[in-house]
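Structure, as structure tokens:
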Amino acid sequence: MKVKIGILSFAHLHAEAYVTALRAIPEVDLIGFADDDAQRGERFASQFELRRFPSYEALLEQKPHGVIVCSENSRHAPLVNMAAQAGVHVLCEKPLATTVRDAEAMVAQCRKAGVHLMTAFPMRFSTPLEVVKARLDSGELGDVHCFNASNQGELPKKHREWFVDKTLAGGGAIMDHTVHLVDVMRWYLGCEAAEVYAVANRIFHADEVEVETGGIVWVTFENGVFATIDCSWSRPPYWPSWGGLSFEMVTSRGAVLVDAFKQNLTVFSHTLQRPQWAFWGSDPNQAMLSDFVRAIAEDRPPRVSGEDGLRAVEVVEAAYRALELGQPVRLR
Amino acid sequence: MKVKIGILSFAHLHAEAYVTALRAIPEVDLIGFADDDAQRGERFASQFELRRFPSYEALLEQKPHGVIVCSENSRHAPLVNMAAQAGVHVLCEKPLATTVRDAEAMVAQCRKAGVHLMTAFPMRFSTPLEVVKARLDSGELGDVHCFNASNQGELPKKHREWFVDKTLAGGGAIMDHTVHLVDVMRWYLGCEAAEVYAVANRIFHADEVEVETGGIVWVTFENGVFATIDCSWSRPPYWPSWGGLSFEMVTSRGAVLVDAFKQNLTVFSHTLQRPQWAFWGSDPNQAMLSDFVRAIAEDRPPRVSGEDGLRAVEVVEAAYRALELGQPVRLR
Amino acid sequence: MLRVGIVGAGSMGAAHAAGWSQTPAHLVGFLTETFDPNLPLAQRHGATVFRSFDELLDAVDVVDICTPTHLHASMIVRAAEKRKHVVCEKPLALSTQEALRAVRACREAGVHLLVAHVVRYFPEYALAKSLVDEGAIGRVATLRLLRGSYRPRKPVGNWFLDESKSGGILMDLMIHDMDYARWIAGEVATVFARKITSVRPDSALDYGLVVLQHRSGAITHLAGAWAYPPPTFRTQFEISGDCGVIIHDSQATAPIESLILRPAGNAVPEVGLPSSPLAEDPYTTEIKAFYHTLVEGAPSRVTPEDGLAAVQIAEAAVRSAAEGKAIHLEPISV
Amino acid sequence: MLRVGIVGAGSMGAAHAAGWSQTPAHLVGFLTETFDPNLPLAQRHGATVFRSFDELLDAVDVVDICTPTHLHASMIVRAAEKRKHVVCEKPLALSTQEALRAVRACREAGVHLLVAHVVRYFPEYALAKSLVDEGAIGRVATLRLLRGSYRPRKPVGNWFLDESKSGGILMDLMIHDMDYARWIAGEVATVFARKITSVRPDSALDYGLVVLQHRSGAITHLAGAWAYPPPTFRTQFEISGDCGVIIHDSQATAPIESLILRPAGNAVPEVGLPSSPLAEDPYTTEIKAFYHTLVEGAPSRVTPEDGLAAVQIAEAAVRSAAEGKAIHLEPISV
């Protein structure tokens with residue numbers, strides 16, 4: 001059986017990588033995409049030689065098995081709900097939503113409609129992170145005590161202007177770079193966040209954007225494990241890559257340092273006149289999309305749920321509340 | 001007692017670093033310099049606010065205790081001999097000479113005149129290299145079996161045009177980047193080179209220079225220890241530093257990896273738009289100059305001799321002969 | 001369905017078996033030096049254990065040879081006689097002459113000969129190759145490659161240390177990078193080599209240095225170590241062209257670093273193997289590619305001539321280290 | 001000639017003694033908790049061993065206090081009473097109040113109080129500070145600092161593990177980087193901290209995380225580990241400004257890497273110490289600088305107020321970790 005997949009919106013740059021990744025999966029029939037931005041739609045239709053439907057509704061009328069929602073963060077909710085009503089499984093770009101209320105509604109709608117809602121957390125499919133998770137589960141590493149984590153990056157504005165628009169993105173660096181690591185920690189610990197604290201500033205790119213560009217989010221889990229997440233857009237535009245995701249996990253037996261994007265060649269070229277990192281590790285996006293497609297084909301839930309996305313949004317919302325209060329906020 | 005020091009020629013860029021280093025030594029009286037290139041002389045006289053003598057002879061008439069010869073490689077010999085005849089101790093930039101004949105004459109002249117001839121091999125004063133030498137001498141590392149060594153760098157032309165002029169420099173990458181490591185190995189082993197082989201090419205900067213720009217020099221020592229030295233000018237102009245010097249030393253008990261210039265901060269700045277290494281390790285040039293000055297003050301030989309310089313030149317000359325023959329050349 | 005038999009059940013036999021299990025091929029069985037009807041590897045793969053090479057050949061379409069190197073050539077020739085396709089661990093043979101015999105036998109029999117130069121299937125090496133081919137660094141001038149580990153161990157009869165069986169460090173370990181260097185910078189004209197055990201035959205560790213001059217003018221510097229404390233395994237390369245440089249260092253790019261106190265007493269593997277976490281083991285990537293060549297005739301990344309040329313370079317290195325001379329290579333006509 | 005006496009003969013006493021021996025000062029003698037007339041450190045320096053603090057004070061111009069932290073403040077006050085200059089190991093005291101008492105006593109007595117925040121004298125840290133001051137990376141936005149080692153050991157009475165004596169990991173280890181962060185990014189407004197032993201008092205290892213908000217708007221993230229296998233000691237920092245980034249990693253920039261088999265059984269030092277090879281030990285650089293301040297009145301890189309402010313930050317971190325709240329700092333008027 002071919003699994004029919006469509007893409008709703010190319011607002012998020014990941015849509016581009018997803019097209020390539022989907023085309024590498026033999027069982028996928030990529031039926032096309034729709035985008036409410038006509039200019040953007042035309043550009044990608046021609047760049048990828050991909051069928052463009054005149055509207056999201058028109059795409060959904062084709063009865064795809066699944067869709068991937070790549071709209072702006074605050075526009076995930078209507079598209080996910082539309083897909084759910086059409087009885088179509090959904091993989092939704094992270095963060096699942098910009099508010100807990102939206103995220104809860106999306107989870108509820110999909111449950112009611114009986115469709116899978118998967119949150120795009122590719123780090124669950126990062127081979128190094130999977131290896132460490134297996135070692136942790138085997139008991140080899142002892143019990144986790146804390147995380148010192150970092151998901152720094154460049155200013156995403158250079159890819160898409162809306163990433164730094166508070167209304168469309170839902171916030172700045174905290175909204176952009178907190179959820180991946182929160183999800184990794186929940187996955188590793190099998191435990192929920194209990195308390196959140198955060199600090200932020202706007203010194204990087206202060207003249208270009210109005211959202212926070214630097215920040216640290218603290219998370220304490222129900223089992224007492226505590227963590228910091230550096231979510232700053234602190235990498236300059238001439239950094240050798242877009243940024244990275246790494247953490248030190250301290251356990252009862254020592255520490256493990258994990259870097260999801262360290263498998264790189266360093267390439268110096270006359271063209272660029274500076275070093276660049278060329279990643280040769282296994283592509284987590286590819287594995288994530290395969291899981292979404294196989295989950296549909298095998299009629300089983302994907303390895304990441306909508307609830308996983310919701311839990312991460314809860315932490316982000318609490319982080320913004322903590323910023324206002326200047327003190328930790330309890331979640332549960 | 002103040003030790004009076006003069007500099008003969010600013011042809012070699014190291015002269016600039018030496019001025020700063022000499023001024024940091026309290027017992028030094030830096031009397032000035034002479035240079036046969038009037039334009040260059042004027043520039044550095046004003047840049048360093050340093051007295052410029054109208055001729056080498058005029059400087060030597062001031063009876064300095066020591067001089068530092070920083071002329072072009074092929075012009076070391078006449079200046080060293082002039083200083084020796086004036087009864088002045090000499091620190092001579094490396095390579096000591098471009099031919100074994102010149103180097104032998106320089107060593108003989110200085111011996112006859114009763115003045116010290118020190119070759120500028122700062123790696124003998126590199127703290128990491130000294131630490132490894134001490135561990136080796138303690139027996140902790142076992143017996144040395146071989147070296148895999150590298151002294152790669154950028155094209156030196158950007159500093160001084162003569163570095164790539166066969167007549168003035170005496171050759172290309174092999175002449176420039178072989179002697180430091182040959183000297184380090186002789187120092188570590190207490191043993192002389194017995195056989196030399198070399199390969200070279202001219203692919204880097206092929207359109208800019210006529211000397212070899214890439215090469216590997218093989219050295220086998222009398223005790224059977226063998227070594228390769230990568231002397232290539234292979235670092236592009238946007239490399240984070242000028243180049244480096246490093247080696248793997250394999251012994252009867254394993255291996256030690258040594259990098260003389262690894263103690264760096266990595267600095268990314270908007271100004272340069274690429275990373276640069278800022279060295280914070282101890283300055284070997286400073287320690288080398290201190291030894292030269294103290295050797296004069298204490299009336300003892302410096303820690304590196306003219307003969308050390310000569311032995312390294314022998315290897316370089318043999319390397320060029322091996323290039324012609326396509327087979328190893330025996331030295332002794 | 002393609003039927004495969006594996007000869008040899010050491011670390012390579014096991015790695016290839018894992019690869020075949022990811023293809024539609026049927027892994028029929030194994031042959032080992034001493035017959036063991038309960039061979040664990042065979043049981044793991046639900047495969048049979050053969051009593052003789054001919055018995056295995058009769059039951060398969062493809063034989064995958066993972067035996068000590070000195071046995072490769074005659075097994076390949078025998079397989080070709082029986083019109084069976086061959087996958088063979090590197091080195092193809094211990095000498096150019098033997099390798100040539102194997103290549104010719106397969107060509108005459110019209111069977112595939114796929115030499116397992118697995119480095120070409122490691123993603124870091126494959127990526128660098130495509131960058132070079134795209135012109136990212138211009139014309140290659142110097143190439144530095146390092147592959148370092150500890151001396152291979154075997155519970156019994158450590159054939160790696162018997163140079164008449166393995167060819168020693170230059171032939172067994174460093175042939176990986178000789179093949180890669182030739183893939184990157186083209187045919188080799190001259191070889192110069194030294195290794196510790198040529199100077200000190202009783203040394204408990206070994207380290208080889210080899211320099212190749214390519215016909216293109218490029219120079220390759222190769223270092224190979226059986227000298228590091230177990231379980232160290234590291235690889236490095238630096239490809240410098242007239243328009244840029246590509247750098248790899250397995251240690252600097254390891255995505256997991258353990259600072260765990262008193263780690264559980266992990267057994268050290270017999271042979272040091274690369275281990276950067278990947279979704280697909282490069283041995284599996286290689287065997288999958290070989291499978292496609294076998295069933296669809298897709299061109300292989302490694303040709304029989306590549307396997308032969310690598311042996312020629314390694315053999316010259318062995319001779320250079322023994323005789324102390326530079327060895328000039330002549331083109332071989334297959 | 002300046003006469004110096006050292007109180008305490010642990011690793012810091014020894015490091016300071018080595019520093020004083022590189023200055024023209026006369027190292028008169030030592031005082032230790034238990035009187036030992038044959039104290040090896042004293043013998044090595046040809047120095048005497050005193051029986052009481054007052055006896056030492058009467059014989060010197062400068063007292064160098066290298067005792068456990070809880071003893072610092074009262075010793076400083078006593079030294080000031082006797083009009084003796086003071087060099088004191090970090091932390092200046094266990095509490096802001098005690099530190100303030102020490103600072104005021106020295107000011108009133110007109111004696112120098114030199115707090116040994118040695119990190120300011122490590123060349124990598126000092127270079128980064130000058131680069132920031134030169135504007136190389138613009139305005140500092142985020143600062144990440146890590147200092148990690150194993151739990152300090154002591155043959156007897158391990159005062160490091162007694163938080164009433166050392167202040168624990170936040171006060172003893174992490175104060176180094178708190179001082180450095182303040183040097184780089186200015187006064188601190190808010191402190192938030194967590195550490196393992198606050199959550200799990202019985203833990204055999206510890207790790208602290210601290211975040212500072214500076215009045216400038218900059219954010220500092222500090223990590224401190226007493227959690228790694230001995231003899232690990234590593235430091236890292238990353239200073240990001242709106243016009244660039246400065247990065248340091250002690251491990252990635254170690255100029256010597258040993259792959260020696262079965263290294264000779266080196267004893268693990270009691271306290272993990274940085275060890276990148278340098279011509280001059282940073283403790284010596286520090287003591288030489290203090291010497292110049294003492295004899296020539298040259299301004300010191302570390303003022304008494306710096307020592308005090310570091311204690312205030314560390315004390316707030318201890319409180320934050322205990323109470324689970326962000327702590328806001330008030331400017332102290334000395």
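A quick note: this is a predicted structure, and the numbers were derived from the prediction, not measured. Each chain gets a letter, A, B and so on, in the order the sequences are listed, and its residues count up from 1.
Among pairs with a residue in residues 313-332 of chain B, none fulfils ring-ring contact (aromatic ring centres under 6.0 Å, His included), at least two apart in sequence or across chains.
For Val250(B), the part sitting under 4.5 Å from any heavy atom of chain C is the side chain, from C-beta outward, and nothing else. Heavy-atom distances place the backbone of Ala200(B), and not its side chain, under 4.5 Å from chain C. In this structure, the portions of Val211(C) lying under 4.5 Å from any heavy atom of chain B include both its backbone and its side chain.
When all heavy atoms of Gly324(C) and Pro328(B) are compared, the closest pair comes out as O-CG, 3.3 Å. The shortest heavy-atom contact between Ala218(C) and Ile203(B) is N-CD1, 3.9 Å.
For the set Gly148(C), Cys243(C), Gly241(C), the entry with the most heavy-atom pairs within less than 4.5 Å of chain B is Gly241(C).
For Phe261(B), the ring pair (Phe, Tyr, Trp, His ring centres under 6.0 Å) test picks out Trp242(B), Phe279(B), with sequence neighbours left out. Partners of Lys133(B) according to the side chain to side chain donor-acceptor pair (under 3.5 Å) rule, which considers only residues two or more places apart in sequence or in another chain, are Asp137(B).
Separating the SG atom in Cys146(B) from the CG atom in Leu209(C) is a distance of 5.0 Å, to the nearest 0.5 Å.
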Less than 3.5 Å apart and able to act as donor and acceptor by atom type: which atom pairs between chain B and chain C qualify?
{"unit_1": "His145(B)", "atom_1": "ND1", "unit_2": "Arg200(C)", "atom_2": "NE", "d": "3.1"}
{"unit_1": "Asn148(B)", "atom_1": "OD1", "unit_2": "Arg144(C)", "atom_2": "NH2", "d": "3.0"}
{"unit_1": "Asn148(B)", "atom_1": "ND2", "unit_2": "Tyr207(C)", "atom_2": "OH", "d": "3.1"}
{"unit_1": "Gln152(B)", "atom_1": "NE2", "unit_2": "Glu238(C)", "atom_2": "OE2", "d": "2.8"}
{"unit_1": "Glu195(B)", "atom_1": "OE2", "unit_2": "Arg194(C)", "atom_2": "NH2", "d": "2.7"}
{"unit_1": "Asn201(B)", "atom_1": "ND2", "unit_2": "Ala141(C)", "atom_2": "O", "d": "3.1"}
{"unit_1": "Asn201(B)", "atom_1": "ND2", "unit_2": "Gly217(C)", "atom_2": "O", "d": "2.8"}
{"unit_1": "Thr228(B)", "atom_1": "OG1", "unit_2": "His221(C)", "atom_2": "NE2", "d": "2.7"}
{"unit_1": "Asp230(B)", "atom_1": "OD2", "unit_2": "Arg144(C)", "atom_2": "NH1", "d": "2.8"}
{"unit_1": "Arg235(B)", "atom_1": "NH1", "unit_2": "Glu238(C)", "atom_2": "OE2", "d": "3.1"}
{"unit_1": "Glu248(B)", "atom_1": "OE1", "unit_2": "Tyr207(C)", "atom_2": "OH", "d": "2.8"}
{"unit_1": "Glu248(B)", "atom_1": "OE1", "unit_2": "Tyr228(C)", "atom_2": "OH", "d": "3.3"}
{"unit_1": "Glu248(B)", "atom_1": "OE2", "unit_2": "Tyr228(C)", "atom_2": "OH", "d": "2.4"}
{"unit_1": "Gln327(B)", "atom_1": "OE1", "unit_2": "Ala326(C)", "atom_2": "N", "d": "2.7"}
{"unit_1": "Gln327(B)", "atom_1": "NE2", "unit_2": "Ala326(C)", "atom_2": "O", "d": "2.9"}

